[in-house]
Visitor: 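This is the structure, below, for whatever I ask next.
Numbering of residues begins at 1 and proceeds along the displayed sequence.
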Amino acid sequence: MFFRLFAPEIYAKVLIIDLFLQISEIMIKTSLCGLTADEIHDLTGSDRRHAITIANYLYKRKIGDIMLIPDIPVRVKKELIEKSFPGIYPPVTSKESIDGTIKFLFRNEGGQEFETVLIKDKKRTTVCVSSQSGCRMGCPFCATGKYGFRGNLSVRDILTQVLGLPNSGIVTHVVFMGMGEPLDNPDNVLKACNILSAEWGPAISARNITVSTVGIAPSVKSFLEKSACNLTLSLYSPFHDERYMTIPAEKSYPAHDIIELMRNHQLNRKRRLSVAYLMISKINDTEKHLEGLKELLRGTQIRVNLLPYNKIPGDYKTSSSPERLQYFKHELVTAGISASVRKSTGLDVSAACGLLAMDL
Ligand code: SF4
């Protein structure tokens, strides 16, 4: 009100300066979203119970104003406000599919854009998050790969995709199957998984968090050791030469080695390790491929998720038929390999697997 006493051009300048000051303030302050309870404790320097309360209100109640957190001395809150801000931010736009799936576009402070998909059904609410803006793995069947690589997402950027969605309700499952190769950004993904599953965090069971990878061996090994979350390997083909043509990471990190890492780990811990098998008609759905899959996975206790192929623009390939997917499932299960067929959602808004490419 006070500023409106000035002439319009001066008022506009004052507003710009005010906005600049606000941005500068945010730039030198720490985002609480992205911090562990221990890091919040280090920041406040007060009782650890206060840090747990702050983390609970931030990650479970998604609180946007530090002063509204109860059971914390006003002095601690004021100190916290001087050093930090909540940091959860909303998407810039969204598009809803006829099946109810919603695709969101986020833009972070650095201007990087990334997409998130919310899938609700009767029993669960799943958020499919991005770990990078774009991707540098270059898989030719993937729209994100064609979009190129714009950078890794921070822990804050990853968490805000779960916490900043409007009307999401309680999120029960998180899958890292959006834009990017999660294990190409391993530290941030691991920390995000740990916060998502922490009791003082959103407290989503580690068994309901799945990271999908093309298989970067050192990061796979470290993730299996340090996280209790599920891991799924995008296989595409059980044969090295074929997989190498479609998933460039196969050159340095053959799927056989990744399966071996997973097999050795599966013996030790209770968690779900799986392979995702995208089925393309007459390309990787032949009897030879079925036998190759059986040979690769028999005795490993690794589950197979069979997925229909979602065409990207200009593509000549088509998905295997629903009957073919069911046939593969039946044959694998008969061979003692756990298998399921996953349906695609959000096709009409390009929210299905492999279609995320910033078209909102
Ligand atoms: S399939 Fe995954 S790893 Fe490959 S380009 Fe797409 S997002 Fe990247």
Visitor: Would Asn230 and Val211 satisfy side-chain contact (heavy atoms from CB on, under 4.5 Å), going step by step from the backbone distance to the final call?
Guide: CA-CA 6 Å; Asn230 304 323; Val211 168; over 6 Å; no
Visitor: Determine, for Glu291 against Arg298, whether the closest basic-nitrogen to carboxylate-oxygen distance falls under 4.0 angstrom.
Guide: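 Judged by the 4.0 Å cut-off on N to carboxylate O distance, Glu291 and Arg298 do not form a salt bridge.
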Visitor: Applying ring-ring contact (aromatic ring centres under 6.0 Å, His included), which residue pairs with at least one partner in residues 305-325 are found, sequence neighbours left out?
Guide: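 Residue pairs with at least one partner in residues 305-325: there are none.
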Visitor: Using side-chain contact (heavy atoms from CB on, under 4.5 Å) as the criterion, list what pairs up with Ile170, not counting sequence neighbours.
Guide: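 Listed in chain order: nothing, the list is empty.
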Visitor: Does CD belonging to Glu287 count more than 12 external heavy atoms closer than 6.0 Å?
Guide: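 Yes, the 6.0 Å shell around CD holds more than 12 heavy atoms from other groups.
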Visitor: For Gln161 and Thr116, run side chain to side chain donor-acceptor pair (under 3.5 Å): C-alpha distance rounded to whole Å, both residues' side-chain angles, the deciding distance at 0.1 Å, then the answer.
Guide: CA-CA 6 Å; Gln161 296 172 70; Thr116 306; 2.8 Å; yes
Visitor: Quick one: do Ile63 and Leu163 end up in the same hydrophobic cluster if we chain Ile, Leu, Val, Met, Phe, Trp and Tyr together by side-chain heavy atoms under 4.5 Å apart?
Guide: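 They do share one cluster, since a chain of ILVMFWY contacts under 4.5 Å joins Ile63 to Leu163.
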Visitor: Is there a path of hydrophobic side-chain contacts, each under 4.5 Å between heavy atoms of I/L/V/M/F/W/Y residues, joining Tyr59 to Ile52?
Guide: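 Ile52 clusters together with Tyr59.
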Visitor: Centre of Tyr147's six-membered ring, under 6.0 Å away, within 45 degrees of the axis: is that where NZ or CZ of Arg150 sits?
Guide: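 Ring-cation test returns yes.
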Visitor: Would you check if His265 and Arg271 make a side-chain contact, meaning some heavy-atom pair closer than 4.5 Å?
Guide: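 When only atoms from C-beta onward are counted, Arg271 and His265 do touch, with a gap below 4.5 Å.
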Visitor: Provide the full list of salt bridge (Lys or Arg N to Asp or Glu O under 4.0 Å) pairs with a residue in residues 37-52, sequence neighbours left out, each pair given once.
Guide: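 Matches after skipping sequence neighbours: Asp38-Arg48, Glu39-Lys191, Asp47-Arg49.
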Visitor: Please give me the minimum heavy-atom distance between Ser31 and Gly87, naming the atom from each residue.
Guide: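 Minimum heavy-atom contact is OG-CA, 3.5 Å.
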Visitor: Which heavy atom of Tyr89 sits nearest a heavy atom of Phe106, and at what distance?
Guide: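 What the structure gives for the nearest pair is O-CE2, 3.5 Å.
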Visitor: Just distance, no hydrogens or angles: give the donor-acceptor pairs under 3.5 Å from side chains in residues 246-255, sequence neighbours left out.
Guide:
{"residue": "Glu250", "atom": "OE1", "partner": "Arg243", "partner atom": "NH1", "Å": "2.5"}
{"residue": "Glu250", "atom": "OE1", "partner": "Ala255", "partner atom": "N", "Å": "2.9"}
{"residue": "Glu250", "atom": "OE2", "partner": "His240", "partner atom": "ND1", "Å": "2.6"}

Visitor: I want to check something: taking the side chain as every heavy atom from C-beta on, are Arg303 and Leu273 in contact at a cut-off of under 4.5 Å?
Guide: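 Answer no - side chains too far apart.
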Visitor: Ser212 and Ser234: which non-hydrogen atoms are nearest, and at how many Å?
Guide: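 Heavy-atom minimum between the residues: OG-OG, 3.8 Å.
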Visitor: For Thr286 and Phe328, work out which heavy atoms get closest and say how close.
Guide: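 Thr286 and Phe328 have their closest heavy atoms at O-CZ, 3.6 Å.
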Visitor: Report the residues that fulfil ring pair (Phe, Tyr, Trp, His ring centres under 6.0 Å) with Phe239, sequence neighbours left out, ordered by chain and then residue number.
Guide: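 Phe239 satisfies ring pair (Phe, Tyr, Trp, His ring centres under 6.0 Å) with His289 once adjacent residues are dropped.
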Visitor: Please indicate whether Met67 has more than 12 foreign heavy atoms, meaning atoms of other residues, nucleotides or ligands, lying under 6.0 Å from its CE.
Guide: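 Counting other residues, nucleotides and ligands, CE of Met67 exceeds 12 neighbours.
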Visitor: Under the salt bridge (Lys or Arg N to Asp or Glu O under 4.0 Å) definition, can you give me all pairs with a residue in residues 328-339, not counting sequence neighbours?
Guide: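 Output for this query lists Lys294-Glu331.
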Visitor: Hey, is Arg263 close enough to Glu260 for a salt bridge, meaning N to O under 4.0 Å?
Guide: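 Looking at Glu260 together with Arg263, the answer is yes, because their closest N to O distance falls below 4.0 Å.
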Visitor: Taking all atoms of both residues into account, what is the closest heavy-atom pair of Pro91 and Gly164, and its distance?
Guide: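 Scanning both residues, the minimum pair turns out to be CD-O, 3.3 Å.
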Visitor: Can you name the nearest heavy-atom pair linking Leu35 to Trp200, along with the distance?
Guide: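 Minimum heavy-atom contact is O-CZ3, 4.3 Å.
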Visitor: Output every pair passing salt bridge (Lys or Arg N to Asp or Glu O under 4.0 Å) with a member in residues 201-222, not counting sequence neighbours, ordered by first then second residue.
Guide: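 Every salt bridge (Lys or Arg N to Asp or Glu O under 4.0 Å) pair that includes a residue of residues 201-222, provided the two are not neighbours, is Lys221-Glu225.
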Visitor: With a 4.5 Å limit on heavy-atom distance, are the side chains of Val171 and Pro202 in contact?
Guide: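 The answer is no; the side chains never approach within 4.5 Å.
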Visitor: When you check the side-chain N and O atoms of Glu242 and Ser237, is any donor under 3.5 Å from an acceptor?
Guide: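 The criterion, which ignores hydrogens and geometry beyond distance, is satisfied for Ser237 and Glu242.
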Visitor: Verify, without hydrogens or angle tests, whether Thr44 (side chain) and His41 (backbone) share a donor-acceptor contact under 3.5 angstrom.
Guide: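 Yes; at least one donor-acceptor contact below 3.5 Å.
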Visitor: Residues in side-chain hydrogen bond (donor to acceptor under 3.5 Å, both in side chains) with Lys60, at least two apart?
Guide: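 side-chain hydrogen bond (donor to acceptor under 3.5 Å, both in side chains) check on Lys60 returns Asn56.
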Visitor: Sequence neighbours left out, what pairs pass side chain to side chain donor-acceptor pair (under 3.5 Å) with at least one residue falling in residues 170-187?
Guide: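 Pairs touching residues 170-187 that pass the test: Gln132-Asp184, Arg136-Asp184, His173-Asn208, Glu181-Thr213, Asn185-Asn188.
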Visitor: Would you please name every residue forming a side-chain hydrogen bond (donor to acceptor under 3.5 Å, both in side chains) with Thr232, sequence neighbours left out?
Guide: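 For Thr232, the residues satisfying side-chain hydrogen bond (donor to acceptor under 3.5 Å, both in side chains) (neighbours in sequence not counted) are Ser274.
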Visitor: Examine Leu153 and Phe149 and state if one hydrophobic cluster contains both, with Ile, Leu, Val, Met, Phe, Trp and Tyr joined whenever side-chain heavy atoms are less than 4.5 Å apart.
Guide: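 They do not share one cluster, since no chain of ILVMFWY contacts under 4.5 Å joins Leu153 to Phe149.
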Visitor: Output, in order, the C-alpha distance, side-chain angles, deciding distance and verdict of side-chain contact (heavy atoms from CB on, under 4.5 Å) for Leu196 and Val162.
Guide: CA-CA 9 Å; Leu196 287 169; Val162 179; 4.1 Å; yes
Visitor: What pairs with Ser222 under side-chain contact (heavy atoms from CB on, under 4.5 Å), at least two apart in sequence or on another chain?
Guide: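 For Ser222 the side-chain contact (heavy atoms from CB on, under 4.5 Å) partners, ignoring immediate neighbours, are Lys226.
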Visitor: Could you give me the CA-CA distance, side-chain angles and deciding distance for Leu80 and Leu32, then say whether side-chain contact (heavy atoms from CB on, under 4.5 Å) is met?
Guide: CA-CA 10 Å; Leu80 196 58; Leu32 291 175; 4.2 Å; yes
Visitor: Look at the side chain of Ser219 and the backbone N and O of Leu183, then say whether any donor-acceptor pair between them is shorter than 3.5 Å.
Guide: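 Between the backbone of Leu183 and the side chain of Ser219 there is a qualifying donor-acceptor contact (under 3.5 Å).
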Visitor: Quiz question: by atom type and distance under 3.5 Å, do the side chains of Asp285 and Tyr327 form a donor-acceptor pair?
Guide: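 Distance-only check fails for Asp285 and Tyr327.
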Visitor: Can you run down the side chain to side chain donor-acceptor pair (under 3.5 Å) pairs that involve residues 71-84, sequence neighbours left out, and say none if there aren't any?
Guide: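 Applying side chain to side chain donor-acceptor pair (under 3.5 Å) to every pair that reaches into residues 71-84, excluding sequence neighbours, yields nothing.
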Visitor: Using side-chain contact (heavy atoms from CB on, under 4.5 Å), reason through Asn284 and Tyr236 one step at a time and then give a plain yes or no.
Guide: CA-CA 7 Å; Asn284 67 355; Tyr236 185 80; 4.0 Å; yes
Visitor: Which residue is it: Ile259, Leu296, Thr300? I am looking for the one with a side chain to side chain contact (heavy atoms under 4.5 Å, CB included) to Val275.
Guide: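 The passing option is Ile259.
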